[in-house]
**Student:** 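Could you have a look at this structure, given as structure tokens, before my questions?
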Protein chains: 2
Amino acid sequence: MKILEVLRENGRISVAALAERVGISRANAYTRFEALRADGAIKRFTAEIDPVRTGLGITALIFVTVRQQMWKQFRAELARMPEVEYCAITTGQHDAMILVRMGDVAAVHAMVTDRLANIPAVKATETVFILDEVLKRPYVLPSDGEKARTARRPAQEAQGGEVPLGMMRFVGAAEGRAALQKDT
Amino acid sequence: MKILEVLRENGRISVAALAERVGISRANAYTRFEALRADGAIKRFTAEIDPVRTGLGITALIFVTVRQQMWKQFRAELARMPEVEYCAITTGQHDAMILVRMGDVAAVHAMVTDRLANIPAVKATETVFILDEVLKRPYVLPSDGEKARTARRPAQEAQGGEVPLGMMRFVGAAEGRAALQKDT
DNA sequence: GTTGAAATTAGTACGAA
DNA sequence: TTCGTACTAATTTCAAC
């Protein structure tokens, strides 16, 4: 876990320096480093690039409602959209959330109306713009939430707490979400 | 741009190998590599870690409505939540979107009710779960969208296109969003 | 899991095109 | 700006412990 903590902050650190930071020997660091990669715990190393510096100053979220039993097609179309940085299938009112980065607002509009809307699998979309990315961490590790988890009370206790009830709500999955499997 | 393309896929590549992949000399690669870092185009290098492998199998999006003129406090509280991987200020129905990774559903519930709801700046929340992360790219580059952009028609043309109108909608900013500045 | 030495590779500094 | 090369420093590999 210590190794992961170091590597997510500095992916280009040498294994020798990593060994020193973590407090193990060089050879051991190499062994564990390799094991983490082979295991898939470390998926890859990447450079964090400033999108604004490369001309992609507009970031938008597109919430997509997918026609049931057309998920496979939706996924296939997504793979052909390189300007999509992130896509997740969600519970709630919409079925998927897409994050795109574009050069200008018009490009977002074109993306939504020309490309997304023309996919038969897409039933409806809703677009919001990102005004500011407050924080973006490479990846959260369990050690990050340690304080929060130890301080966590059991659900029963929490319910009787000082939280104004009715203030928040969970949104369940839309009907027909059984069609969510990747092969449908 | 070629350098960035290589580095986002392999952040640990040696500068020598990078030079070869891009087709420039080793010395030049060092110069440009340094320039990109100094410029801020490359913000940092990081390891992509599989959250499931580290025990964080649950991912949730929390949409937050923030009490106006309490943005500063909201931001301050966010900084104290290490389990938050991403937070963006958005237009639309909600004011912010938070992505958290936790060990189980109960932890998400505790996070929302105990931690978020207790922040005075938080007026309301809405939580959805992420069922599948279809794609996650390190960062989108302008070269990715080249095909899409050249194929893009002007807005007027697009409007007259074969897109079923009324099928999608943009969601404007909520009222009072003037309080969005970081110092409010 | 550690240490140490050999082989390889990376990073730096220059002059020239 | 870019390239080629020589030089120095560091990293990785591999061995024995």
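Because the structure is a prediction, the values reported are computed rather than measured. Throughout, protein chains are lettered first and strands after them, A, B, ... in sequence-line order, and every chain is numbered starting at 1. The figures that follow rest on heavy atoms only: side chains count, while hydrogens, waters and symmetry mates do not.
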**Student:** In whole angstrom, what separates B:I3's CD1 from D:dT2's C1'?
**Tutor:** 12 Å
**Student:** Quick one: is C:dG1 close enough that its OP1 or OP2 comes under 4.0 Å of any side-chain N or O from A:S25?
**Tutor:** no
**Student:** Could you check how far OH of B:Y30 sits from C1' of C:dT9, rounded to whole Å?
**Tutor:** 9 Å
**Student:** Rounded to the nearest Å, what distance is computed from the CD1 atom of residue A:I13 to the C1' atom of nucleotide C:dA10?
**Tutor:** 16 Å
**Student:** Could you report the tightest heavy-atom contact between A:V84 and B:L135, atom names first, then the distance?
**Tutor:** O-CD1, 3.5 Å
**Student:** May I ask you to decide whether B:E5 forms a salt bridge with B:K2, counting only side-chain N to carboxylate O separations under 4.0 Å?
**Tutor:** no
**Student:** To the nearest Å, how far apart are A:I24 CD1 and C:dT2 C1'?
**Tutor:** 11 Å
**Student:** Less than 4.0 angstrom between a side-chain N/O of B:N28 and OP1 or OP2 of D:dT1, yes or no?
**Tutor:** no
**Student:** Using 4.0 Å as the upper bound for N to carboxylate O, is an ion pair formed by B:K43 and A:E133?
**Tutor:** no
**Student:** Rounded to the Å, how far apart are A:R12 CZ and D:dA10 C1'?
**Tutor:** 14 Å
**Student:** Measure from the side chain of A:V15, starting at C-beta and using heavy atoms only, and say which of D:dG4, C:dT3, D:dT12 lies closest.
**Tutor:** D:dT12
**Student:** Taking 4.0 Å as the cut-off, does a side-chain nitrogen or oxygen of B:S14 come that near to OP1 or OP2 on C:dT9?
**Tutor:** no
**Student:** Within this structure, what is the CZ-to-P distance between A:F33 and C:dG1, rounded to whole angstrom?
**Tutor:** 17 Å
**Student:** So, does A:R32 get its side chain near the phosphate of C:dG1, meaning an N or O under 4.0 Å from OP1 or OP2?
**Tutor:** yes
**Student:** Just by distance, with hydrogens left out, do A:T46 and B:R8 show a side-chain donor and acceptor under 3.5 Å apart?
**Tutor:** no
**Student:** When we call it a touch if two heavy atoms are under 4.0 Å apart, what does B:A16 touch: a base, just sugar-phosphate, or nothing?
**Tutor:** sugar-phosphate
**Student:** Examine the base of D:dG4 for any acceptor or donor lying under 3.5 Å from a partner atom in the side chain of B:R26, and report the outcome as yes or no.
**Tutor:** no
